[in-house]
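Fair warning: this is a prediction, and the values are worked out from it, not measured in the lab.
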Amino acid sequence: MSRQPFTARVIELIRTIPKGKVATYGGIAAMAGNPRAARQVARVLYSCSEVERLPWHRVVNREGRIVLKTEWNQMEQEERLEREGIVFSGSGRIDLERFLWQPGNTV
DNA sequence: GCCATGGCTAGTA
DNA sequence: GCCATGGCTAGTA
């Protein structure tokens with residue numbers, strides 16, 4: 001199953017998110033070459049996570065929130081992130097200043 | 001036509 | 001809460 005370049009880059013990028021960090025849908029899309037294709041990232045996660053064994057839980061929305069449909073899935077994502085040391089505020093948000101993956105920085 | 005987005009506005013308190 | 005966005009798939013001809 002060969003993939004389109006954009007999708008292949010998205011998959012590769014998601015794989016690269018380090019443990020203990022998160023990325024945003026829009027951020028991954030931008031790194032893959034199209035800042036407006038945030039929903040494609042969602043689509044890739046939805047359709048490829050299992051087969052590609054992606055660290056799907058490390059992708060959240062621009063507000064640092066989990067946006068999965070079902071409560072069951074939301075809880076699983078939250079648990080996986082907390083197990084990696086990511087902290088949620090009382091209102092269920094992740095501090096992106098602290099936990100956002102920024103491939104460029106040397107810190 | 002689907003999708004796990006994002007950005008901007010309207011409308012309430 | 002609305003709706004533009006865009007890569008991809010399913011399903012028809």
Side-chain angles (χ1 to χ4, degrees):
Chain A
M1 297 283 285
S2 72
R3 301 204 179 271
Q4 294 300 310
F6 180 84
T7 299
R9 285 195 295 271
V10 167
I11 288 175
E12 228 19 69
L13 283 162
I14 293 170
R15 261 195 231 294
T16 315
I17 306 170
K19 185 186 284 190
K21 291 288 180 181
V22 296
T24 64
Y25 299 92
I28 294 289
M31 288 185 249
N34 191 342
R36 298 191 208 176
R39 297 196 80 156
Q40 277 54 254
V41 176
R43 203 188 150 283
V44 168
L45 284 165
Y46 179 84
S47 55
C48 304
S49 281
E50 191 168 349
V51 171
E52 299 289 339
R53 299 189 174 251
L54 300 178
W56 55 269
H57 58 285
R58 297 184 188 141
V59 186
V60 297
N61 79 1
R62 194 153 184 89
E63 299 183 316
R65 292 181 190 281
I66 287 174
V67 284
L68 298 198
K69 294 284 189 182
T70 70
E71 198 173 339
W72 190 88
N73 285 91
Q74 290 168 14
M75 287 182 64
E76 180 174 4
Q77 184 171 8
E78 184 171 337
E79 282 171 13
R80 281 173 181 246
L81 289 173
E82 285 176 336
R83 242 177 273 146
E84 297 186 353
I86 286 178
V87 179
F88 286 81
S89 73
S91 56
R93 287 183 66 173
I94 296 167
D95 179 6
L96 292 182
E97 296 281 329
R98 184 174 166 196
F99 292 110
L100 182 66
W101 175 48
Q102 292 173 3
N105 71 14
T106 328
V107 187

Taking all non-hydrogen atoms of both residues into account, name the closest pair between Q77(A) and V60(A) and its distance.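 Taking every non-hydrogen atom into account, NE2-CG1, 3.9 Å.
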Dot-bracket assigned to DNA chain C with the 3.5 Å Watson-Crick/G-U criterion, [ ] for crossing and | for other-strand pairs, is ||||.|||.....
- In whole angstrom, what separates W56(A)'s CH2 from dA4(B)'s P?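 Atom-to-atom, W56(A) to dA4(B), this comes out as 13 Å.
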Can you tell me how far apart [atom1] ([X]) and [atom2] ([Y]) are? Round to the nearest 0.5 Å.
X: T16(A); Y: K21(A); atom1: OG1; atom2: NZ; result: 15.0 Å
X: M31(A); Y: E12(A); atom1: CE; atom2: CD; result: 13.0 Å
X: H57(A); Y: K19(A); atom1: NE2; atom2: NZ; result: 8.5 Å

Would R58(A) and I86(A) satisfy side chain to side chain contact (heavy atoms under 4.5 Å, CB included), going step by step from the backbone distance to the final call?
CA-CA 10 Å; R58(A) 297 184 188 141; I86(A) 286 178; over 6 Å; no
Given the rule that I, L, V, M, F, W and Y join up when any side-chain heavy atoms are under 4.5 Å apart, are [X] and [Y] in one cluster?
X: V22(A); Y: V87(A); result: yes
X: V67(A); Y: I28(A); result: yes
X: Y46(A); Y: V59(A); result: no

Could you pull out every donor-acceptor pair under 3.5 Å between side chains of residues 92-101 of chain A and any protein atom, sequence neighbours left out?
{"unit_1": "R93(A)", "atom_1": "NE", "unit_2": "E63(A)", "atom_2": "O", "d": "2.8"}
{"unit_1": "R93(A)", "atom_1": "NH2", "unit_2": "E63(A)", "atom_2": "O", "d": "3.1"}
{"unit_1": "D95(A)", "atom_1": "OD1", "unit_2": "E97(A)", "atom_2": "N", "d": "3.0"}

Describe the nucleic acid contact of N34(A) in one word from base, sugar-phosphate, nothing, applying a heavy-atom distance below 4.0 Å.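 Touches sugar-phosphate only.
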Under a 4.0 Å heavy-atom cutoff, the residues of residues 5-22 of chain A touching DNA chain B are none
| Does any residue of residues 77-86 of chain A have a heavy atom under 4.0 Å from DNA chain B, and if so, which ones, in number order? |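 Output list: empty, so none.
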How about CZ on R65(A), more than 12 heavy atoms from neighbouring residues, nucleotides or ligands closer than 6.0 Å, or not?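 Yes.
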Checklist entry - Around atom CZ of F88(A), are there more than 12 heavy atoms of other residues, nucleotides or ligands at under 6.0 Å? => result yes
Can you pull every protein N or O that's under 3.5 Å from an N or O on nucleotides 5-7 of chain B?
{"unit_1": "dT5(B)", "atom_1": "O4", "unit_2": "R39(A)", "atom_2": "NH1", "d": "3.2"}
{"unit_1": "dG6(B)", "atom_1": "OP1", "unit_2": "G26(A)", "atom_2": "N", "d": "2.9"}
{"unit_1": "dG6(B)", "atom_1": "OP2", "unit_2": "R62(A)", "atom_2": "N", "d": "3.0"}

With sequence neighbours left out, the residues meeting side chain to side chain contact (heavy atoms under 4.5 Å, CB included) with A32(A) are F6(A), R9(A), V10(A), L13(A)
Review point. With a 4.0 Å cut-off, would you call E76(A) and R80(A) a salt bridge?
Key: yes
